Amino acid sequence: MSGITFENVTVAYGRTVVLDALDLTVRPGEVMALLGPSGSGKTTALRAVAGFVQPASGRVLIGDRDVTALPPHRRGVGMVVQQYALFPHMRVDANVAFGLKARKAPRAGIAARVAEALEMTGMTAYARRYPRELSGGQQQRVAIARALAVRPDVLLLDEPLSALDARLRSGMLAELARLHRELPDVSMLYVTHDQVEALTLADRVAVMDSARLQDCGTPHDLYRRPRSEFTASFVGDANLLPVTVTEGGADFAGTRLDVPPAGDVAPGASATLCVRPHLLALGAGPNTLRGTLTELQWRGATHRLCVDVAGHRVKADVRELREAPPLGAEVALHFAGEDAVLLPTGVARG
Amino acid sequence: MAERGGSEPRTRPFPFPGGQAPRTPRGPRARGAVPAWALALPPLAVLGLVFLYPLALVLRQSVSPDGGGFSLSAYGDVLAQAAFRDALVNTVLIAVGATLGAVVLGFALALVIAFVPFPGGKALSRFVDVFLSFPSFLITLALLFVYGTAGMANGLWTGATGAAHGPFDFLHTPWGVLLAEVTYFTPFVMRPLLAAFSQVETAQLEAAASLGATAPRIVRRVILPEALPSLAAGGSLVLVMCLNEFGIVLFTGAKGVTTLPTLVYGKAILDGDYTGACVVAVVNIALSVALYGLYRSITSLNGVRRARA
Ligand SMILES: Nc1ncnc2c1ncn2[C@@H]1O[C@H](COP(=O)(O)OP(=O)(O)OP(=O)(O)O)[C@@H](O)[C@H]1O
Ligand SMILES: [Mg+2]
């Protein structure tokens, strides 16, 4: 049982730094999702663990073994990638047995281990097929079985579900969650740019942007208590409002709001207030924002209101309205103080 | 990293007869349309005229020496000659040896060019294409400059030691022919291999490595099986070309080494023995076809076994 540790890992292609001094620990048996927009360095981080990119500086540890200088075949990690990468000339069972043979597992045990891995991924019936005779979802199951057959301590998954359609994806997500329960000792690093995958599957989520680790925490923490504007807007939807911090609250366009103070922003400083759209309610209440309704979208179970409050666009998701106010109407929105988070002001991002 | 669709079944075109060409079922022909066999007639006629007819003439000359009747006496005569048997053995040994050499060397070089990143790799790969257009005797000429009695290698040796002769004196032996043919034909093996290697997904190689496979194992278990059809194609092409190679043998081995093509040349042009030349030519053709057939049946058997395994 062993985790993964990045110690100050920097990766550069020529002059371009694509991973900037990453410090991150995946605890033994934990699922860590690496979440971030395209090009943020997620794959690079994963490949540094697998041994396919060499850090310019820093160390990568698996358990307490420093693997920074080890070639990929001696690292003992399982890897699953978006495009499956099955061996096309081998049947499913031979694909799954590949790692066992490569690691010189005792011959007698191979068949049993292959059967076990296929069983775990529900692919037993397809053992004698060629990869080209399988659907995308089935191929990805085989790829997972192949990685698990060698019983790695560490499983690296790089957007394993991106090539599948939405329905299959949610089914496979549940499967992966089940696999994680069945294999509590395997640490997983799961790269994705899909926040649903990250929030559903991961014990903790590391948010990356522009080669840097922005935030790391449990999905619940990141969602409820994001620490940066980037995390707030990338994980879930968010209203980010410019405020001035006051004693025991904040001031937004002349309106005093009663919100919990943030540790690192002193009164008088400007900050950003993050409120999730679904935590805003119509009508006056403790923290009330008044403005003009500019957009109204019916989304089935909810209505999305966009309200212009002192020149700022505030989004609110409310339970479907019987009688929606007309566009241009004056509306009031309110939220509970503990549902809002004060963030240090950063560069706003769309 | 380039992503190639890994999910589609990959079919490889096989440039040789005997490969699986998909057959389209023939539906009922629309009335008034030209029948398919009629369309095939003109090319067949041209083929017959320029290719089969001269071939038939050669065959007839070999079995009716005096322009009339049928006699295998010429075959008896030729087959009894020691020179012919030597040429036959030389031809087969050199062709098989050169093919083996070109296949092994070509595979190794193509591996390096395709999978080991080094500056100039792309240029080298393009040079292989250019090399294919060179005439074969050019290689021999180049080898003469390097290893010939007055060549660079011997020059260095005599310069350094003061000896009268250099140690390199193999160009006019079968080894010289072998060296020249391996040099010349290796790119013919590399061309289809490089195409096949470019189809192997990097992701597969990485998956294999992270599963614990060392580089040699990846070559044997992942790259080789996927490139085998191309290797077979290149190998059989080279085998047939070696059996019929004339320029290289004439340039290097003319003094000591005779093969069937040079024997044909000798009999027809130098001795004026047309019948004998035709007999040797027929044997040469039969040999090419037989060896090629053998090679194909072995490789296709392999293919069947792999498909079943
Ligand atoms: N071999 C390479 N040579 C040069 N630059 C590279 C190379 N591989 C990746 N990069 C760059 O490194 C940066 C990070 O790439 P990476 O693949 O880690 O992103 P990612 O977060 O996985 O993105 P995605 O979600 O699109 O997969 C990108 O800007 C990319 O252009
Ligand atoms: Mg990526």
Side-chain angles (χ1 to χ4, degrees), chain A residues 43-44 46-47 49-53 71-91 93-105 128 130-140 143 146-150 152 154-156 158-159 162-164, chain B residues 1-14 20 22 115-117 119 193 195-232 299-309:
Chain A
T43 298
T44 305
L46 179 125
R47 289 166 63 80
V49 180
F52 298 115
V53 296
H73 71 268
R74 294 191 33 215
R75 297 200 178 192
V77 300
M79 195 166 81
V80 176
V81 295
Q82 183 184 340
Q83 65 272 36
Y84 324 129
L86 297 175
F87 307 124
H89 57 281
M90 291 180 203
R91 288 175 195 271
D93 51 2
N95 262 287
V96 176
F98 185 91
L100 294 167
K101 288 181 180 160
R103 293 182 192 191
K104 307 266 176 345
R128 301 300 294 159
Y130 281 100
R132 61 172 177 274
E133 298 164 350
L134 301 174
S135 73
Q138 291 166 337
Q139 291 190 51
Q140 196 56 292
R146 180 177 68 176
L148 289 178
V150 295
V154 164
L155 188 59
L156 308 172
D158 191 355
E159 311 208 15
S162 311
L164 308 178
Chain B
M1 204 171 65
E3 283 172 11
R4 300 188 198 88
S7 54
E8 307 95 339
R10 196 185 294 156
T11 47
R12 291 223 169 83
F14 216 101
Q20 325 77 335
F115 296 112
V116 183
L193 275 182
F197 287 169
S198 72
Q199 295 289 307
V200 176
E201 285 176 46
T202 322
Q204 282 174 31
L205 307 182
E206 292 184 349
S210 69
L211 285 166
T214 55
R217 188 177 192 93
I218 295 175
V219 170
R220 262 183 302 129
R221 295 273 182 254
V222 181
I223 297 176
L224 183 61
E226 289 187 41
L228 208 55
S230 302
L231 194 64
T299 47
S300 69
L301 260 186
N302 255 336
V304 170
R305 239 194 3 245
R306 267 174 357 101
R308 284 208 195 111

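Just so it is clear, the values below take in all heavy atoms, side chains as well, and ignore hydrogens, waters and symmetry mates. Since the structure is predicted, the reported quantities are computational estimates derived from the model, not experimental observations.
Taking CD of Gln204(B) as the reference point, atom OH of Tyr84(A) lies at 13.5 Å (rounded to 0.5 Å). Note that OG of Ser210(B) is 10.5 Å distant from CZ of Arg47(A), once rounded to the nearest 0.5 Å. Within the model, atoms CG of Leu211(B) and CZ of Arg103(A) stand 6.5 Å from one another, a figure rounded to the nearest 0.5 Å.
For Ala208(B), the parts lying under 4.5 angstrom from a heavy atom of chain A are both the backbone and the side chain.
Using a 4.5 Å heavy-atom threshold, the side chains of Arg221(B) and Lys101(A) count as separate. Using a 4.5 Å heavy-atom cutoff, the side chains of Glu226(B) and Pro88(A) are in contact.
The greatest number of non-hydrogen atom pairs below 4.5 Å with chain B, out of Thr43(A), Val150(A), Leu86(A), Leu100(A), is found for Leu86(A). When Phe52(A), Phe98(A), Phe87(A) are compared by the number of non-hydrogen pairs under 4.5 Å with chain B, Phe52(A) comes out ahead.
Enclosure of atom CZ in Arg220(B) by more than 12 non-hydrogen atoms of other residues, nucleotides or ligands within 6.0 angstrom is indicated.
Across all non-hydrogen atoms, the minimal contact from Ala102(A) to Arg217(B) is CA-NE, 3.4 Å. Of all heavy-atom pairs between Gln83(A) and Ala203(B), the closest is NE2-CB, 3.5 Å.
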